[in-house]
*Asks:* 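Would you mind keeping the following structure in view while I ask a few things?
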There are 2 protein chains.
Amino acid sequence: MPGVVMIELSAVIVAMDKEVPRVLLVRADVSGNAGGDGQEGLPCGPFDPSGHRTLDEGLRRWVDQQTGLPLGYVEQLYTFGDRFRDPLERAGGPRPVSVGYLALVRKTEGKSLGEGVWNDWYRSFPWEDWRAGPPEIIDAVIAPGLAQWCERAASRPERQLRRERADLTFAFGDSSWDNERVLERYELLYEAGLVAETARDGATLSGDPRDQRPLPTGVPLIKDHRRILATAMGRLRAKIKYRPVIFELMPPSFTLLQLQRAVEALAGGRLHKQNFRRLVAHEGLVERTGQISAQTGGRPAELFRFSRGVVLKRPAPGVRLPVRVKPRRKSSRK
Amino acid sequence: MPGVVMIELSAVIVAMDKEVPRVLLVRADVSGNAGGDGQEGLPCGPFDPSGHRTLDEGLRRWVDQQTGLPLGYVEQLYTFGDRFRDPLERAGGPRPVSVGYLALVRKTEGKSLGEGVWNDWYRSFPWEDWRAGPPEIIDAVIAPGLAQWCERAASRPERQLRRERADLTFAFGDSSWDNERVLERYELLYEAGLVAETARDGATLSGDPRDQRPLPTGVPLIKDHRRILATAMGRLRAKIKYRPVIFELMPPSFTLLQLQRAVEALAGGRLHKQNFRRLVAHEGLVERTGQISAQTGGRPAELFRFSRGVVLKRPAPGVRLPVRVKPRRKSSRK
DNA sequence: CTATATATGCTCAAAGTTAGTATAAGTTTC
DNA sequence: GAAACTTATACTAACTTTGAGCATATATAG
């Protein structure tokens, strides 16, 4: 019967752990994904049209079954249907179409998560964290790797195109870093053979023996799950700017610095403190609780809570980002 | 076999015709959609995993087959999988999951489109066009209809929730009109029984005989295609603000007023002329061609073209909207 | 020639943003 | 207990962006 496929639902479940954005992963064998060799992947499972009333519901059921975690905020990301996304397909496996979701939860200490394990999301994307300045991996590995990839181009115009693309996505030359282009950067590295998935998926980009060495460019995930995670990161980074989704990740009350650290962790860059406070206060996103935090450190801060009232009046507020670190990088062209 | 479903690909194909945004529709029988009674719907067809390398490719093939139109810019919108989206499903039909796409093309005069017909997209969403001020249908039909829907709520808190939702989405009270919330508005009207699809899909919201009358709230489409169209409108309205997608719809050269009219037509509101020019000029989105348009009207305008250079340097420019018409509406609560 | 329509350059004030300084109120170290 | 450090919060000066309008240029219609 033509047109019949299997739909897989996969979830990028994000929580904040202090200043670390974490993603829930499961060992591949748990979610029924063969061929992963014990590698990690996103919680996922097939959509069952007779049992699941909606796609969302199917997703929640699978996540609950694999991790015991009840999901709150859930948002559909993208549907991936390219051929050979799953390496098994080349060996005659079925053609899965997978619908990726982004879910935000508050991290609860100690609670058992079934087979789930929380992981720093920058573990798979070390080049995305600019909070301590430009990540070394860019200068050490990515820039030279991309420069070689540019040189490998067959023709001159193709070489030029590759350079422009590399400059644009990784902020070489006088382009500036756009923290939302997570997917573009991952796909560029994939095409350039600079992430482990390229070799695993069987592309033969060159006979260069250097391409066979294990790559230090972040921890790979099974199938195309790292691509789905990249999609989720980009979407979340975009969304915190115009919708108050950050509060889905925060405890009920928090200091303004905690809020700022959470935003910085997701956005992957530092913000200007005074302006950040002015923005969130001015937009009416938070309201004082009157309580004072009993923390270590300096002067005690007042605790705030999310002000639900905003959602009704204003069009679509989010946490604006008064970015401070605007570094210029040198070109990959030399 | 569990988890096996049929995937349908549907396309919202948009083109500009002077100052009218048009969407390509086909008669339902053409796209193999029974039960439409000759109603119109989006070009669509089943995804074939053995024949189609990617979802995009499948979509392009279906559109080409039904309308002969080659697609340029294509973007995935959303995957719809709720039960009973297709009325036939209640009668034992299969469970379709449909992936909606947005495509932008330049309208070519006279060219045959197979079974396709261009339609003003406001024909199905008359309340979305604010270019000539607040549409009458809002005061005449929607506001009173929603007020009744609020009153029908079972409990007081539920009634309050309905009022807040109506005020927020339709800019009653002191909320302001957000032109991107096309989907939210359509879904509200659907739930309130104010569009033809509610009755057709078999929901019985009340025994009120007024609910049986044909509704003047825009032309319905088959299945959930009007919902997909609403998703596309919202996405496109959002996207023109931060990516230069508007130029996919423009001829190679155009006057600034033509550009402004196109943006206004999509955004559904008027813009301030001088500020609009300053913005597009200042952002470096366009460059002069040196040529002068030979039009009727007043002083001849200079012709501009899209400046591809911007894409390389700046992060992600789009056409900002210096909105002029910011009307306040009265509340539905009375 | 006059009225009218459109194009385009320029100004001006209000509002918002960036990047600071200054000071207050705690904790940690010695 | 004083010094050093950390964090919170108020305030300000310089700059940029935005909204709204005026003025003038160049066409067509009559």
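Each chain gets a letter, A, B and so on, in the order its sequence line appears, and its residues count up from 1.
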*Asks:* Between A:Phe254 (CZ) and D:dA8 (C1'), how many Å, whole number?
*Replies:*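 The distance from CZ of A:Phe254 to C1' of D:dA8 comes to 16 Å, rounded to the nearest Å.
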*Asks:* Measuring to OP1 and OP2 of D:dA8, would you say a side-chain N or O of A:Lys273 lies under 4.0 angstrom away?
*Replies:*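 Looking at the OP1 and OP2 atoms of D:dA8, one of them is under 4.0 Å from a side-chain N or O of A:Lys273.
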*Asks:* Does this structure show an ion pair linking A:Asp120 with A:Arg123, if we count only N-O contacts that are shorter than 4.0 Å?
*Replies:*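 A:Arg123 and A:Asp120: not salt-bridged.
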*Asks:* I'd like to know if the side chain of B:Tyr186 pairs up with that of B:Glu184 as donor and acceptor (distance under 3.5 Å, no hydrogens or angles considered).
*Replies:*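 Short answer, no.
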*Asks:* In whole Å, I'd like the distance from the CG atom of A:Leu259 to the P atom of D:dA8.
*Replies:*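 A:Leu259 atom CG is separated from D:dA8 atom P by 12 Å.
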*Asks:* List in chain and number order the residues that pass side chain to side chain donor-acceptor pair (under 3.5 Å) with B:Glu302, two or more places apart in sequence or in another chain; answer none if no residue qualifies.
*Replies:*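 Once residues adjacent in sequence are excluded, the partners of B:Glu302 under the side chain to side chain donor-acceptor pair (under 3.5 Å) criterion are B:Arg288.
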*Asks:* Using atom types as modelled and distance alone, determine if a side-chain donor or acceptor of B:Arg106 lies under 3.5 Å from a backbone N or O of B:Phe247.
*Replies:*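 Yes, because the side chain of B:Arg106 sits within donor-acceptor range (under 3.5 Å) of the backbone of B:Phe247.
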*Asks:* Mind checking if B:Leu257 touches a base, just sugar-phosphate, or nothing, with heavy atoms under 4.0 Å?
*Replies:*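 Here B:Leu257 touches the backbone only, sparing every base.
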*Asks:* Taking A:Thr289 for its side chain and A:Arg305 for its backbone only, find out whether a donor-acceptor pair lies under 3.5 Å.
*Replies:*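 Side chain of A:Thr289 to backbone of A:Arg305: no pair is present.
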*Asks:* Any N or O donor-acceptor pair under 3.5 Å from the base of D:dG19 to the side chain of B:Arg278?
*Replies:*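 Present.
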*Asks:* May I have the distance from B:Leu271 (atom CG) to D:dG21 (atom P), rounded to whole angstrom?
*Replies:*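 That distance rounds to 15 Å.
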*Asks:* Can you name the atoms? Protein N/O to nucleotides 23-25 of chain C N/O, anything below 3.5 Å, with the distance.
*Replies:*
residue : atom : partner  : partner atom : Å
C:dA24  : N3   : A:Arg299 : NH1          : 3.1

*Asks:* With sequence neighbours left out, which residue pairs that include part of residues 249-258 of chain B fulfil the salt bridge (charged side-chain N to carboxylate O under 4.0 Å, His left out) condition?
*Replies:*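 Sorted pair list comes back empty.
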*Asks:* Rounded to whole angstroms, how far apart are CD on A:Glu19 and C1' on D:dT7?
*Replies:*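 So the CD-C1' distance, A:Glu19 to D:dT7, works out to 13 Å.
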*Asks:* Please report the distance, rounded to the nearest Å, between CD in A:Gln258 and C1' in D:dT7.
*Replies:*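 That distance rounds to 12 Å.
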*Asks:* Checking contacts here: which listed nucleotide (D:dG21, C:dA7, D:dT9) is nearest the side-chain heavy atoms of B:His272?
*Replies:*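 For B:His272, the side-chain atoms sit closest to D:dG21.
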*Asks:* Under the side-chain hydrogen bond (donor to acceptor under 3.5 Å, both in side chains) test against B:Glu180, which residue among B:Arg235, B:Arg237, B:Lys241 passes?
*Replies:*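 Filter result, single survivor: B:Lys241.
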*Asks:* Tell me if the side-chain of A:Gln274 makes a donor-acceptor pair with the base of C:dT21, cut-off 3.5 Å, by modelled atom types.
*Replies:*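 Yes.
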*Asks:* Between P on C:dT27 and CD1 on A:Ile292, what's the gap in Å once rounded to a whole number?
*Replies:*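 Distance, rounded to whole Å: 12 Å.
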*Asks:* May I have the distance from A:Asn275 (atom CG) to C:dT21 (atom P), rounded to whole angstrom?
*Replies:*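 It works out to 13 Å between those atoms.
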*Asks:* Using atom CZ of B:Arg277 as one end and atom P of C:dG9 as the other, report the distance to the nearest whole Å.
*Replies:*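 B:Arg277 atom CZ is separated from C:dG9 atom P by 7 Å.
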